[in-house]
Undergrad: 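If you scroll down you'll find the structure; I have some questions about it.
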Amino acid sequence: MRSISIFGATGSIGESTFDLITRAGGADAFRTVALTGGQNVVRLAQMARILRAEIAVCADPRGLPALRDALAGSGIEVAAGADAIAEAADRPADWVMSAIVGAAGLVPGLRALRHGKTLALANKESLVTAGPLLMAEAARHGARILPVDSEHSAIFQGLVGEDIAAVERIILTASGGALRDWPLEALANATVTEALAHPNWAMGQRITIDSASMFNKALEVIETREYFGISPDQIEVIIHPESLIHSMVGFRDGAIMAHMGAPDMRHSIGYALNWPERRDIPVARLDLAQIATLSFRAPDMARYPALRLCRDVMRTRGLAGAAFNAAKEVALDHFLAGGIGFMDMAGVVEDTLARLLSDLCLESDVITLEEIQGADHLARRRAGEFAVARSMAQGRMPKIDA
Ligand code: NAD
Ligand code: MG
């Protein structure tokens with residue numbers, strides 16, 4: 001019986017993973033080792049009972065008593081906090097889903113790789129923050145990383161049986177997010193609710209806002225480089241409003257392989273779950289005659305500064321990815337709290353990167369987890385300062401961290 005763990009089980013990707021696991025037989029077909037969640041301990045406990053998990057861990061220690069109550073008499077172990085999540089990743093499992101949101105997913109992912117497991121990686125932030133470290137860890141332990149991000153799953157599938165040397169370019173598709181048809185001048189005043197109205201994909205709150213700002217696509221450009229080792233100038237981004245082509249690989253003979261399907265993450269989660277086989281996945285089938293047309297347009301760089309910033313990050317490499325991701329997470333926190341405007345997110349990230357170039361050697365070659373965490377920490381502090389300064393300048397109520 002295959003053993004599995006799901007990190008971030010209560011999120012959008014976690015729920016879709018749970019759905020596929022239960023449809024594939026649940027506790028009768030899989031031995032579930034660990035399930036982790038954030039604050040929603042009621043749902044976490046419910047999932048743990050259904051899959052008869054060994055251990056359920058919530059990120060927030062304040063949730064532990066409620067988690068313990070909800071699992072009383074089940075024989076399922078409970079724990080809480082970031083260290084407990086990392087320890088849960090030390091429990092061997094054949095297949096591990098990494099679906100925590102943000103840099104918090106890095107350490108559990110790294111620890112899971114140490115057991116030579118298959119890591120289904122939704123948490124793109126860990127590759128952006130520490131791609132070389134993660135890849136080295138996988139190679140050292142003979143573990144495999146399978147992409148879950150829809151674009152990277154599409155590219156991975158487009159490369160089956162191909163030589164990476166024959167690839168001329170990779171074309172990442174982007175929906176353009178909720179605000180793609182807004183006039184540029186109006187973007188500065190976009191609210192959280194407006195940015196959350198994604199046209200095609202139902203996702204967690206943070207990635208939905210990142211789609212509207214294209215920070216998500218910026219992370220994915222870096223993610224592409226880390227997964228496939230391709231040069232940044234071979235990675236293109238195109239807006240494809242229908243979100244039916246999940247990405248494309250262009251070869252030296254001019255051929256383009258495109259991956260199509262309904263915008264449902266169960267495609268790529270299921271591919272990673274069943275790899276190297278393909279099994280039935282309950283996603284909607286495309287009716288091409290009804291779809292009739294697919295459209296494409298080049299992204300406007302004035303509208304999406306994140307797409308420019310990710311190029312700077314790839315030029316610098318080293319610790320720049322960690323700083324970029326951390327600054328982006330903080331800027332997003334401040335936008336969600338109403339402290340800064342929509343376009344200020346890119347401003348905060350840009351200010352932080354410029355400042356950090358003088359604060360730390362972003363280009364250092366040897367990158368340890370400690371260095372990455374140091375850069376992450378410093379970038380968070382600086383980004384917080386820049387965000388508060390912007391709030392004050394605009395007469396908004398700044399978000400002050402505890
Ligand atoms: P989500 O916010 O819906 O869920 C995140 C999960 O992580 C939840 O279980 C939450 O409780 C947990 N969590 C949050 N903060 C935590 C912390 N500090 N420590 C431990 N656990 C924590 O997010 P999501 O949309 O499911 O995205 C998960 C990851 O997958 C992200 O990295 C995202 O970029 C990536 N991803 C998501 C989608 C999508 O369609 N949702 C698509 C591609 C990639
Ligand atoms: Mg994606």
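The figures that follow rest on heavy atoms only: side chains count, while hydrogens, waters and symmetry mates do not. Both counts, for ligands and for their atoms, begin at 1 and track the order of listing.
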Undergrad: Determine which pairs satisfy ring pair (Phe, Tyr, Trp, His ring centres under 6.0 Å) with at least one residue from residues 13-47, sequence neighbours left out, and list them in order.
TA: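 Qualifying pairs, neighbours excluded: none.
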Undergrad: Please report whether ligand 1 has a polar contact with A202, defined as an N or O pair separated by less than 3.5 Å (distance criterion only).
TA: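 N/O-N/O distance under 3.5 Å: no.
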Undergrad: May I ask you to identify, for A122, whether its side chain, its backbone, both or neither come under 4.0 Å of ligand 1 on a heavy-atom basis?
TA: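 Within the 4.0 Å criterion, A122 contacts ligand 1 through backbone and side-chain atoms alike.
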Undergrad: Counting each atom of ligand 1 from 1 as listed, which ones have a heavy atom of A59 under 4.0 Å away?
TA: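 Checking each atom against A59, I get 19 (N), 20 (C), 21 (N).
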Undergrad: So is S12 polar-close to ligand 1, meaning N/O to N/O under 3.5 Å?
TA: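 Yes, there is a polar N/O contact under 3.5 Å.
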Undergrad: Below a 4.0 angstrom heavy-atom separation, can you tell me which part of I207, side chain or backbone, both or neither, approaches ligand 1?
TA: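 For I207, only side-chain atoms sit under 4.0 Å from ligand 1.
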Undergrad: Identify the protein heavy atom lying closest to atom 10 (C) of ligand 1, giving its residue, its atom name and the separation to 0.1 Å.
TA: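 Checking every protein heavy atom, the shortest distance to atom 10 (C) of ligand 1 gives G38 N, 4.0 Å.
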Undergrad: Quick check for you: with the Mg ion (ligand 2) as the vertex, what angle do OE2 of E220 and OD1 of D149 span, to 10°?
TA: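 Roughly 100°, rounded to 10°.
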Undergrad: Nearest non-hydrogen atom to atom 29 (C) of ligand 1 belongs to which of D60, I100, I6?
TA: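 That would be I100.
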Undergrad: How far is atom 44 (C) of ligand 1 from its nearest protein heavy atom, and which residue and atom name does that atom have?
TA: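 Here the nearest protein heavy atom works out to D149 OD1, 3.5 Å.
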Undergrad: Check whether any N or O atom of I85, backbone or side chain, sits under 3.5 Å from an N or O atom of ligand 1, and answer yes or no.
TA: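 Between I85 and ligand 1, no N or O pair is found under 3.5 Å apart.
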Undergrad: Are any side-chain N or O atoms of R279 and backbone N or O atoms of A24, one a donor and one an acceptor, separated by less than 3.5 Å?
TA: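 Pair absent, no side-chain N/O of R279 close to backbone of A24.
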Undergrad: With backbone taken as N, CA, C and O and side chain as the heavy atoms from C-beta onward, which portion of Q205 lies under 4.0 Å from ligand 1: side chain, backbone, both, or neither?
TA: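 No part of Q205 is near ligand 1 at this cut-off.
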Undergrad: Can you sort out which atoms of ligand 1 are near N123, meaning under 4.0 Å from one of its heavy atoms?
TA: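 It comes down to these atoms of ligand 1: 32 (O).
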Undergrad: Counting only nitrogen or oxygen atoms and a 3.5 angstrom limit, does I13 reach ligand 1?
TA: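 Right, the criterion is met.
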Undergrad: How far is atom 9 (O) of ligand 1 from its nearest protein heavy atom, and which residue and atom is that?
TA: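 Ranking protein heavy atoms by distance from atom 9 (O) of ligand 1, first comes T10 OG1, 2.8 Å.
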Undergrad: Looking only at non-hydrogen atoms, which of S126, G204, A104, G8 approaches atom 17 (C) of ligand 1 most closely?
TA: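 When every heavy atom of S126, G204, A104, G8 is considered, A104 comes closest to atom 17 (C) of ligand 1.
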Undergrad: What is the name of the N/O/S atom in E151 that sits closest to the Mg ion (ligand 2)?
TA: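 For E151, the N, O or S atom at the smallest distance from the Mg ion (ligand 2) is OE1.
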Undergrad: Does a salt bridge link D28 with R52, judged by any charged N lying under 4.0 Å from a carboxylate O?
TA: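 R52 and D28: salt-bridged.
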Undergrad: Between H377 and Q373, do the side chains contain an N or O donor and an N or O acceptor separated by less than 3.5 Å?
TA: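 There is no such pair between these side chains.
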Undergrad: Look at atom CZ of R285 and say whether more than 12 heavy atoms of other residues, nucleotides or ligands are closer to it than 6.0 Å.
TA: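 Yes, the 6.0 Å shell around CZ holds more than 12 heavy atoms from other groups.
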Undergrad: With distance as the sole criterion, is a donor-acceptor pair present between the side chains of S126 and N123 under 3.5 Å?
TA: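 Their side chains do contain a donor-acceptor pair, which is all the 3.5 Å distance test asks for.
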Undergrad: Does a side chain donor of either N189 or E194 reach within less than 3.5 Å of an acceptor in the other side chain?
TA: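 Distance-only check fails for N189 and E194.
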Undergrad: Please list, chain by chain and in numerical order, all residues satisfying ring-ring contact (aromatic ring centres under 6.0 Å, His included) with F215, sequence neighbours excluded.
TA: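 ring-ring contact (aromatic ring centres under 6.0 Å, His included) check on F215 returns F324.
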Undergrad: Considering only non-hydrogen protein atoms, determine which one is nearest to atom 34 (O) of ligand 1 and report residue, atom name and distance to 0.1 Å.
TA: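 Going atom by atom, the protein heavy atom closest to atom 34 (O) of ligand 1 ends up being K124 CE, 3.2 Å.
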Undergrad: List the steps, then state whether side-chain hydrogen bond (donor to acceptor under 3.5 Å, both in side chains) holds for H152 with E220.
TA: CA-CA 8 Å; H152 306 81; E220 290 180 356; 5.1 Å; no
Undergrad: Taking atom 6 (C) of ligand 1 as the point of reference, which of S16, G102, A99, S98 owns the nearest heavy atom?
TA: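 Checking each option, the heavy atom nearest atom 6 (C) of ligand 1 is found in A99.
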Undergrad: Taking atom types as modelled, is there a side-chain donor on E242 or S295 under 3.5 Å from an acceptor on the other?
TA: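 A donor-acceptor contact under 3.5 Å links the two side chains.
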Undergrad: When you measure from atom 4 (O) of ligand 1 to every protein heavy atom, which one gives the shortest distance, and what is it?
TA: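 The protein heavy atom lying closest is G11 CA, 3.1 Å.
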Undergrad: Select the closest option to atom 32 (O) of ligand 1 among E125, M203, M97, judged by heavy-atom distance.
TA: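 The residue whose heavy atom sits nearest atom 32 (O) of ligand 1 is E125.
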Undergrad: Looking at G37, which atoms of ligand 1 are within less than 4.0 Å of one of its heavy atoms?
TA: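 Within the 4.0 Å cut-off of G37, ligand 1 contributes 11 (O).
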Undergrad: Would you check if the side chain of H115 reaches a backbone N or O of K117 as a donor-acceptor pair within less than 3.5 Å?
TA: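 Not a single qualifying donor-acceptor pair exists.
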Undergrad: Can you confirm whether the side chains of S153 and Q157 place a donor and an acceptor under 3.5 Å from each other?
TA: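 Yes, side-chain donor-acceptor contact under 3.5 Å.
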Undergrad: What part of N216 sits under 4.0 Å from ligand 1 if we count only heavy atoms: the side chain, the backbone, both or neither?
TA: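 For N216, there is no contact with ligand 1 at all, from either part.
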Undergrad: Does even one non-hydrogen atom of M265 get within less than 4.0 Å of ligand 1?
TA: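 Under 4.0 Å: yes for M265.
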Undergrad: Spell out, as yes or no, whether a donor-acceptor pair under 3.5 Å connects the side chain of R311 to the backbone of P232.
TA: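 Yes; at least one donor-acceptor contact below 3.5 Å.
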Undergrad: Given the rule in the side-chain hydrogen bond (donor to acceptor under 3.5 Å, both in side chains) test, do N216 and K124 qualify, once you have shown the distances and angles that lead to the verdict?
TA: CA-CA 9 Å; N216 181 51; K124 67 192 84 186; 2.5 Å; yes
Undergrad: Does an N or O anywhere in Q39 fall below 3.5 Å from an N or O of ligand 1?
TA: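 Not met; the criterion fails.
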Undergrad: For atom 14 (C) of ligand 1, what is the closest protein heavy atom, and at what distance to 0.1 Å?
TA: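 Checked against all protein heavy atoms, atom 14 (C) of ligand 1 sits closest to V101 CG1, 3.7 Å.
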Undergrad: Does the side chain of S175 pick up a donor-acceptor pair with the side chain of N200 at under 3.5 Å?
TA: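 No, N200 and S175 have no side-chain donor paired with an acceptor closer than 3.5 Å.
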